[in-house]
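Structure record follows, encoded as structure tokens.
Computed over heavy atoms, backbone and side chain alike; hydrogens, waters and symmetry mates excluded. Letters go in sequence order (proteins before strands), and every chain restarts at 1.
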There are 2 protein chains.
Amino acid sequence: MRANGPLDAETILSATEDVLRRYGPAKATVVDVGKELGVSHAAVYKHFPSKAALRDAVSRRWLNRDRDALAAIASDTEIPPPRRLRSWLVALLAAKRAKAHDEPELFAAYQLLVTGNSAAAIDHVADLLGQLEAVLADGMADGSFRRADPAETARAVFTATTRFHHPGLAGSWTQPGIEHELDVVCALLLDGLR
Amino acid sequence: MRANGPLDAETILSATEDVLRRYGPAKATVVDVGKELGVSHAAVYKHFPSKAALRDAVSRRWLNRDRDALAAIASDTEIPPPRRLRSWLVALLAAKRAKAHDEPELFAAYQLLVTGNSAAAIDHVADLLGQLEAVLADGMADGSFRRADPAETARAVFTATTRFHHPGLAGSWTQPGIEHELDVVCALLLDGLR
DNA sequence: ACGGTTACAGATTTCAGATTTTGTATTCTG
DNA sequence: CAGAATACAAAATCTGAAATCTGTAACCGT
């Protein structure tokens with residue numbers, strides 16, 4: 001049911017998120033979203049040009065929700081860059097795994113975006129790469145990492161940890177040894193960075 | 001059509017491979033395999049307990065087909081271990097990509113096995129890990145790699161290159177920069193190995 | 001008995017027709 | 001006129017009956 005006042009994008013996003021959580025991305029329709037808001041589905045189209053755009057916007061908001069915790073680690077100059085990199089990667093895995101486990105339907109919606117090369121997914125990766133690059137740049141500046149192209153190196157580190165953050169591989173995030181596996185890969189990468 | 005003489009497992013595998021190539025894993029049926037052999041589908045069940053077992057056996061044979069080329073690199077003691085590791089990883093990507101491109105239906109069948117945790121897929125990975133471990137052990141023996149648990153290190157290297165060999169990520173193997181990306185990751189890993 | 005066929009039950013897939021859903025255009029209401 | 005409802009066409013999805021497929025058992029012919 002609609003709260004009151006005129007309909008705005010943010011309200012629609014929340015309703016869509018609820019509907020998505022309830023029915024999952026395969027079943028949720030924009031008619032459902034309208035029903036949730038006590039409004040016709042056409043009203044939703046006044047604010048979003050298509051269902052795809054709506055899903056994209058929901059996922060973008062959802063992804064940004066724990067973005068800040070990660071960004072906080074990346075920019076915490078108290079921690080020396082090597083440990084910071086490790087913490088960041090561990091936190092990334094933890095965050096992704098928590099999302100996959102606690103909100104399976106929204107995670108499934110996100111997976112669809114990734115396989116569909118949607119803008120939200122691309123932007124999300126770009127954001128993470130940016131954070132990674134900052135940590136690497138800090139380390140190169142203070143001498144704890146060998147000098148190299150920070151952007152390229154960030155991409156390499158991100159790629160080398162694909163197994164721990166790519167949503168298509170989420171199925172194996174529950175297997176027991178994974179924390180240790182990340183540890184070993186981290187160690188290898190940190191040694192490689194200097 | 002059946003060649004002649006009694007039906008044997010190898011003949012069935014070849015027929016199944018043809019059928020799979022023609023119809024793809026989604027459409028291919030055991031009845032098709034029988035037709036291909038000029039035999040009833042029940043005859044096939046005399047040699048394989050289930051359709052799953054049949055698919056498993058076909059994929060196993062298909063995967064083993066270019067296993068030897070890779071094994072040859074892994075055990076070529078002429079090449080110093082660091083360069084050997086790099087060559088092996090490059091060859092692995094090339095082989096996987098060629099299979100995905102040239103035999104999409106058989107590759108799709110293999111993808112299904114992987115997502116279903118089939119024995120063929122598990123054994124295939126174990127085989128590759130063994131080859132990797134051998135290269136690493138050689139390098140540790142001759143001092144070009146830091147000493148460490150070779151099995152664990154092999155798994156870490158394999159994990160760090162997931163993006164380049166996991167069939168679930170095959171969709172992105174055609175994107176232009178990938179060779180270079182592997183190069184950068186390789187460099188990072190080689191530095192990490194010492 | 002060996003190497004295969006035919007027969008069959010239950011699960012799965014197919015396909016056409018009915019229903020929903022998406023997205024747009026027009027209409028209504030305050 | 002702004003904000004939303006209704007109406008509607010084309011596309012996608014659902015449904016359920018018919019067909020096919022899987023796996024087993026009982027049955028030939030040599």
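- The distance from atom OH of B:Tyr45 to atom C1' of C:dT5 is 16 Å, rounded to the nearest whole Å.
- Remark: A:Lys27 is in phosphate contact with D:dC14, judged by side-chain N or O atoms under 4.0 Å from OP1 or OP2.
- Here the P atom of nucleotide C:dT14 and the OH atom of B:Tyr23 are 14 Å apart, to the nearest Å.
- If you take NE2 of B:His41 and P of C:dA9, they are 14 Å apart, rounded to a whole angstrom.
- The residue B:Thr29 sits close only to the backbone: its heavy atoms come under 4.0 Å of sugar-phosphate atoms, none of a base.
- When side chains are defined from C-beta on, A:Leu85 counts as touching A:Leu193, because their heavy atoms get closer than 4.5 Å.
- The side chain of A:His47 lies closest to D:dA4 when the candidates are D:dA4, D:dA5, C:dG4.
- Here A:Ala43 lies in heavy-atom contact (under 4.0 Å) with sugar-phosphate atoms only.
- Taking a cutoff of 4.0 Å between a charged side-chain nitrogen and a carboxylate oxygen, B:Asp32 and B:Arg22 do not qualify as a salt bridge.
- Comparing B:Ala42 and A:Ala42 along DNA chain C, the residue whose closest nucleotide (by nearest heavy atom) sits nearer the 5' end is B:Ala42.
- Within the 4.0 Å cut-off from OP1 or OP2 of D:dT22, at least one side-chain nitrogen or oxygen of B:Lys51 is found.
- Taking both residues in full, the closest heavy atoms of B:Ala95 and B:Asp66 are given as CB-OD2, 4.0 Å, listed atom of the first, atom of the second, then distance.
- Between B:Ser172 and B:Arg163, the closest side-chain pair of non-hydrogen atoms falls below 4.5 Å.
- Candidate nucleotides D:dA4, D:dC21, D:dG23 were compared by shortest atom distance to the side chain of B:Val31, and D:dC21 ranks first.
- To the nearest angstrom, P of D:dA2 lies 17 Å from CG of A:Leu7.
- Taking atom CG of residue A:Leu54 and atom P of nucleotide C:dT21, one finds them 15 Å apart after rounding to whole Å.
- For the pair B:Val30 and B:Lys46, nearest-nucleotide mapping onto DNA chain D gives the more 5' position to B:Val30.
- The aromatic rings of B:Phe107 and B:Trp173 stand perpendicular to each other, their planes meeting at an angle above 60°, with 30° marking the opposite boundary.
- One interatomic measurement links the two molecules: NZ of B:Lys35 to P of D:dT22, which rounds to 11 Å at whole-angstrom precision.
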